[in-house]
Amino acid sequence: MKADIQQIKQRFGIIGNHVGLNRAIDVALQVAPTDLSVLITGESGVGKEVFPQIIHQNSARKHGQYIAVNCGAIPEGTIDSELFGHEKGSFTGALADRKGYFEVADGGTIFLDEAGELPLPTQARLLRVLETGEFIKVGSSKVQKTNVRIVAATNVNLVQAVADGKFREDLYYRLNTVPIQIPPLRDRAEDILLLFRKFAADCAEKYRMPAVRLDDDARQLLLSYRWPGNIRELKNVTERISVIEESREITADILRIYLPNVSVEKYPVLVKKEEEQKSFANEREILYHILFDMRKDVNDLKKLVHDIMGGNIPVEMQKNETYAPTIHPVQTIQMPVVQKAETVEEESMSLEEVEKDMIRKALERHNGKRKKAAADLKISERTLYRKIKEYNLE
Ligand SMILES: Nc1ncnc2c1ncn2[C@@H]1O[C@H](COP(=O)(O)OP(=O)(O)OP(=O)(O)O)[C@@H](O)[C@H]1O
Ligand SMILES: [Mg+2]
C-alpha cells in the first residue's frame with residue numbers, strides 16, 4: 001500500500017484495508033489538487049463524510065473555508081438563501097442582507113451532503129455556479145462571482161433520481177466528474193473484525209474497563225451479518241455490547257441479541273422474503289404517490305366539470321364513466337366512477353387523514369425523531385418537515 005494512503009488513514013482515523021477503501025482514498029488524493037467536482041457515493045453509514053475533508057485538506061484550498069451543507073435537512077423554502085444568500089426585504093423575515101455559503105466559501109470547498117435531496121430550482125442555480133462561477137442572491141439582480149470547489153455525497157441512486165425526473169441530468173454529470181465509490185461493509189469482511197476491535201478498544205478506554213472480545217462463533221456471526229447500516233451500525237452494536245454486557249467474552253448467542261433479524265440472515269429463503277418485503281414497501285410507496293396524483297387529477301377534473309356544467313354533472317357521467325388519470329407507471333389502474341362532486345371531496349379528505357395518521361404514528365414510533373420517522377415513511381426529511389407544518393403535527 002502507498003505510504004500516503006496509510007498516512008491519510010492515520011490522520012483521519014480511517015480503519016480498514018479493503019482494496020475498495022484504499023482505491024477510494026487513492027482517488028481522493030489524486031483528485032484533491034485539482035478543482036474537479038467529486039461525487040462520493042455509497043450506502044448509508046459506509047464512511048462518506050471524511051472524504052470531502054481529505055480532498056479539501058490535500059488541496060491548495062486548505063487554508064480557505066470548508067463548509068459542509070446537509071442538503072436534506074434544510075427546508076426547501078430557505079435552501080437557496082442559505083446557499084446563495086439573500087437581499088434585505090427579498091421575502092418576509094429577510095431583515096438584512098445575508099451572505100450565502102457560496103460567497104463565504106470563496107476560495108474554499110463546499111461539501112454538499114445528501115445532494116440527491118436538492119430541490120430542482122436549487123439544482124438550476126447550482127449548475128450555473130458550477131459552470132460559470134456566477135450566482136445571484138435571492139431577491140437580487142446583481143450577478144456575483146465566486147470560486148468554490150464542490151464535493152457532493154449521496155446514499156441514493158442519482159441515476160435513478162435522474163430517470164425519475166427528480167435530479168437534473170446535466171447537474172449529475174457536472175457533479176460526477178470524478179466518482180468515488182465507498183463499498184458497503186458486508187463486502188469488506190477483513191475490515192469488519194478490525195473495526196470491531198477498534199470500536200471495542202475506544203469504548204474500553206472511554207469507560208476504563210477491559211475491551212470486549214468475540215469468540216470464534218461470534219466472529220463468524222459478525223462476518224455473516226449483512227450490516228445494512230454499515231459502519232455506523234457496527235459502531236453502535238459494539239458500543240452497546242461493551243456497555244451493557246458484563247462478560248467481556250462475547251459469544252454468538254449474546255451477539256445475536258444485538259443484531260436485528262439475524263435469524264433472517266441465516267436462511268436464504270427468508271432472506272428472499274426480506275427482499276420481497278422491500279419491494280412491497282416500494283410498491284406501497286408507488287401506490288401512495290399514484291393516489292396523491294389521482295387526488296390532484298380528480299380535484300382538477302372536479303373543478304373543470306364544475307366550471308363547464310355549472311355544478312350539474314350529467315347522468316351519463318355519473319353512471320359508467322371510468323376515469324383513468326395520467327399515471328405513468330401503472331396504466332391499468334382506473335379510478336372509481338366519478339359520481340358526485342361531494343363524493344370526490346370525501347375521498348380526497350380521507351386520503352389526507354390517512355397520510356396525517358401515518359406520519360403521526362411514524363413520529364410516535366420513533367419518539368419524535370424526524371430523521372428516523374422520515375426514513376420509515378420513505379420520504380425525505382424535508383418532505384416530513386413540510387407535512388408536519390402543513391398538518392400542524394408539532
Ligand atoms: N473506515 C472507518 N474507520 C473508522 N470509523 C469509520 C470508518 N468509516 C466510517 N466510520 C464511522 O462510521 C460512522 C458513519 O460514517 P459516516 O457518517 O461517514 O457515514 P455516511 O457514509 O456519511 O452515511 P450517510 O449516508 O448515512 O450520511 C461515523 O461515526 C464514522 O466516524
Ligand atoms: Mg453522511
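The shown structure was predicted, so the numbers you read here are calculated from the model rather than taken from an experiment. Side chains included, hydrogens not; waters and symmetry mates left out as well; all remaining heavy atoms used.
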- Message: Checking the side chain of W227 only, and the main-chain atoms of R232 only, is there a donor and an acceptor separated by less than 3.5 Å?
- Response: no
- Message: Using side-chain heavy atoms (C-beta onward) and a distance below 4.5 Å, is I231 in contact with R188?
- Response: yes
- Message: Return the CD to NZ distance between E390 and K356, rounded to the nearest 0.5 Å.
- Response: 10.0 Å
- Item | Connected via hydrophobic side-chain network under 4.5 Å: V19 and V27 | no
- Any Lys/Arg nitrogen of K198 or D202 sitting under 4.0 Å from an Asp/Glu carboxylate oxygen of the other? yes
- Query: Could you state the interatomic distance from CG (L222) to CG (L234), rounded to the nearest 0.5 Å?
  - Reply: 6.0 Å
- How is the hydrophobic cluster of F111 composed, in terms of its other members, when Ile, Leu, Val, Met, Phe, Trp and Tyr link through side-chain heavy atoms under 4.5 Å apart, directly or indirectly? Y66
- Restricting to pairs with a member in residues 163-187, which pass ring pair (Phe, Tyr, Trp, His ring centres under 6.0 Å), not counting sequence neighbours? none
- Message: Just so I know, are the side chains of Q123 and L120 near enough to count as touching, which here means a heavy-atom distance under 4.5 Å?
- Response: yes
- Item | hydrophobic_cluster_shared for L36 and L126, side chain cutoff 4.5 Å | no
- Task: Classify the side-chain pair Y385/E76 by whether it contains a donor and acceptor separated by less than 3.5 Å.
- Result: no
- Quick one: does N22's side chain get under 4.5 Å of H18's, heavy atoms only? no
- Item | side-chain contact (heavy atoms from CB on, under 4.5 Å) assessment of L221 paired with R256 | CA-CA 8 Å; L221 179 58; R256 204 167 278 124; 4.2 Å; yes
- Item | Side-chain heavy atoms of E103 within contact of F135, under 4.5 Å | yes
- Query: Under 4.5 Å between side-chain heavy atoms, hopping through other hydrophobics if needed: is there a path connecting F91 to L95?
  - Reply: no
- Query: Within the side chain of D106, is there an N or O that forms a donor-acceptor pair under 3.5 Å with the backbone of T146?
  - Reply: no
- Message: Using modelled atom types and a 3.5 Å cut-off, is there a donor and acceptor pairing between side-chain atoms of D215 and backbone atoms of D217?
- Response: yes
- Query: Within the distance-only criterion (no hydrogens, no angle test), does the side chain of T132 pair as donor or acceptor with the backbone N or O of R128 below 3.5 angstrom?
  - Reply: yes
- Any donor and acceptor pair, going by atom type alone, linking the side chain of R213 with main-chain N or O of E249 inside 3.5 Å? no
- Message: Working to the nearest 0.5 angstrom, can you tell me the gap between L118 CG and C71 SG?
- Response: 4.0 Å
- Message: If only side-chain N and O atoms count, and only distance matters, is there a donor-acceptor pair under 3.5 Å linking Q220 with D216?
- Response: no
- Message: For the CG atom of N230 and the CD atom of E43, what is their distance to the nearest 0.5 Å?
- Response: 5.0 Å
- According to a 4.5 Å side-chain heavy-atom criterion applied to Ile, Leu, Val, Met, Phe, Trp and Tyr, with indirect links allowed, do V46 and V38 form part of one hydrophobic cluster? yes
- Message: Within the structure provided, determine whether L185 and L195 are in side-chain contact (heavy-atom separation under 4.5 Å).
- Response: yes
- Message: Quick check: do L393 and R360 have side-chain heavy atoms less than 4.5 Å from each other?
- Response: yes
- Query: More than 12 heavy atoms of other residues, nucleotides or ligands under 6.0 Å from NZ of K145: is that the case?
  - Reply: yes
- CD1 on I150 to CD1 on I110, rounded to 0.5 Å: 5.0 Å
- Task: Tell me, yes or no, whether the heavy-atom count around R248 atom CZ, taken from other residues, nucleotides or ligands under 6.0 Å, exceeds 12.
- Result: yes
- Query: If only atom types and distance count, is the side chain of K9 paired as donor or acceptor with the main-chain N or O of G16 below 3.5 Å?
  - Reply: yes
- Using a 4.5 Å side-chain heavy-atom cut-off and chaining through intermediate ILVMFWY residues, the residues clustered with V143 come out as I136
- Could you tell me whether the side chain of T78 and the main chain of S81 form a donor-acceptor pair under 3.5 Å? no
- Item | No-hydrogen, no-angle side-chain donor-acceptor test under 3.5 Å, D376 and H366 | yes
- Main-chain N/O of K369 paired with N367 side-chain donor or acceptor, under 3.5 Å: no
- Would you say the side-chain atoms of R174 pair up with the backbone N or O of L130, donor to acceptor, closer than 3.5 Å? yes
- Query: Can you find a heavy atom in the side chain of N58 that is under 4.5 Å from one in the side chain of P33?
  - Reply: no
- Look up atom CD1 in I192 and atom OH in Y225, then write down how far apart they are to the nearest 0.5 Å. 11.0 Å
- Would you say V69 and L175 are hydrophobically clustered, going by side-chain heavy atoms of ILVMFWY under 4.5 Å? yes
- Message: Contact between F102 and Q144 at the side-chain level, heavy atoms closer than 4.5 Å - yes or no?
- Response: no
- Say whether, by atom type as modelled, one donor and one acceptor occur between the side chain of D191 and the main chain of N17 under 3.5 angstrom. yes
